[in-house]
Protein chains: 2
Amino acid sequence: MTTVTTSLEAPAPASARQLPVLTICCAPSAAMADDDAASLAGMFKALADPARVKILSMLLNADEVCACDMADAIGKTAATASHHLKLLRDAGLIIGDRRGTWVYYRVVPERLAAIRDALTLA
Amino acid sequence: MTTVTTSLEAPAPASARQLPVLTICCAPSAAMADDDAASLAGMFKALADPARVKILSMLLNADEVCACDMADAIGKTAATASHHLKLLRDAGLIIGDRRGTWVYYRVVPERLAAIRDALTLA
DNA sequence: ACACTGCTTTGAGATTCGTCGAATCAGTGA
DNA sequence: TCACTGATTCGACGAATCTCAAAGCAGTGT
């Protein structure tokens, strides 16, 4: 039950659009909760760099990659590679376990699925 | 044909692992192209903020939202909301068209699909 | 114990980002 | 034309980010 008027009056503020009042703008569609938005934004931020996108793509193709190859693959120093790996780890997108001298990383499929779900139309 | 050795020698550099040589580490799995990584990282960067995640989620639930509601929804000034909308627009994730006084935004489903595909296991 | 290698952390510099007030542009209606 | 409102852009500030060299930690093998 949505009454459409001419554009004479301003669109009612979202807070008032619950009632059957003059509206012309759009569905209420409240914003998502702060916590959810922050959590999702954190994951996106973890992927918001070409070096980290490259790392993730490597892990998606090989399901396990030695940290010793990361620096060369992204064209940065080992320290920088380690920094990016930490950001991906902190975001929960990848995990690494040490086996002797080397550390092997792989993706966390559930976390990637969470991102995909957030980008899917209702 | 992958020969596995003891951990006496270091893992061969990725550039040498194409050949049937001593390897113990992981599949070659070259990094993705610079251009693709930068393009994807750009889209992730566009979503790397809670305000922009909220905006996107609103658009996913309502397929059209008036810019006049964005500021209230994200709890920021109109100038800040416009700034975030511009970043999402520049990334190609949303488009807005003006209808008289107001501007209505909606998502670009193909671009969201591109992100989802990049996060999918091979 | 020692040396050696891989990985991570620390510290510092340059750059980018988020935010808002103020100014500007766009469209409506008197 | 003028006044008014919505939306965007500009200017500036503090906060966060990216990068590397250098130092520190972890494991291996002598």
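Every chain is numbered from 1, with letters handed out A, B, ... down the list of sequences.
Summarising the geometry, the separation between CH2 on A:W102 and P on C:dT8 is reported as 14 Å, rounded to the nearest angstrom. Between the CG atom of B:D97 and the C1' atom of C:dG27 there is a distance of 14 Å, given to the nearest Å. Counting to the nearest Å, the C1' atom of C:dG18 and the CE atom of B:M70 are 18 Å from each other. As a whole-Å value, the separation of B:R98 CZ from D:dT5 P is 16 Å. Rounded to an integer number of Å, the gap from B:Y104 OH to D:dG6 C1' is 11 Å. Atoms CG (B:D72) and P (D:dA7) sit 11 Å apart, rounded to a whole Å. Rounded to an integer number of Å, the gap from A:R89 CZ to C:dT8 P is 5 Å. Summarising the geometry, the separation between CG on A:L88 and P on C:dT8 is reported as 12 Å, rounded to the nearest angstrom.
Listed pair B:T101 / D:dG6 fails the phosphate criterion, with no side-chain N or O lying under 4.0 Å from OP1 or OP2.
With respect to A:K54 and B:D36, no salt bridge is recorded, no charged nitrogen being found less than 4.0 Å from a carboxylate O.
Here the closest heavy-atom approach between residue A:Y105 and residue A:L59 is recorded as O-CD2, 3.2 Å. B:P50 approaches A:A41 most closely through the heavy-atom pair N-CB, 3.4 Å.
A cation-pi contact, defined as under 6.0 Å to the ring centre and within 45° of the axis, links A:R99 to A:Y104.
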Per-nt protein contacts along nucleotides 14-19 of chain D (heavy atom under 4.0 Å; B base, S backbone sugar-phosphate only, - none) come out as ---SSB
Give every donor-acceptor pair under 3.5 Å between a side-chain atom in residues 74-81 of chain B and any protein atom, sequence neighbours left out.
residue	atom	partner	partner atom	Å
B:T77	OG1	B:T80	N	3.2
B:T77	OG1	B:T80	OG1	3.1

Donor-acceptor pairs under 3.5 Å, side chain of residues 110-119 of chain A to any protein atom, not counting sequence neighbours: which ones?
residue	atom	partner	partner atom	Å
A:R111	NE	A:A91	O	3.4
A:R111	NH2	A:A91	O	2.8
A:R116	NH1	B:L119	O	3.0

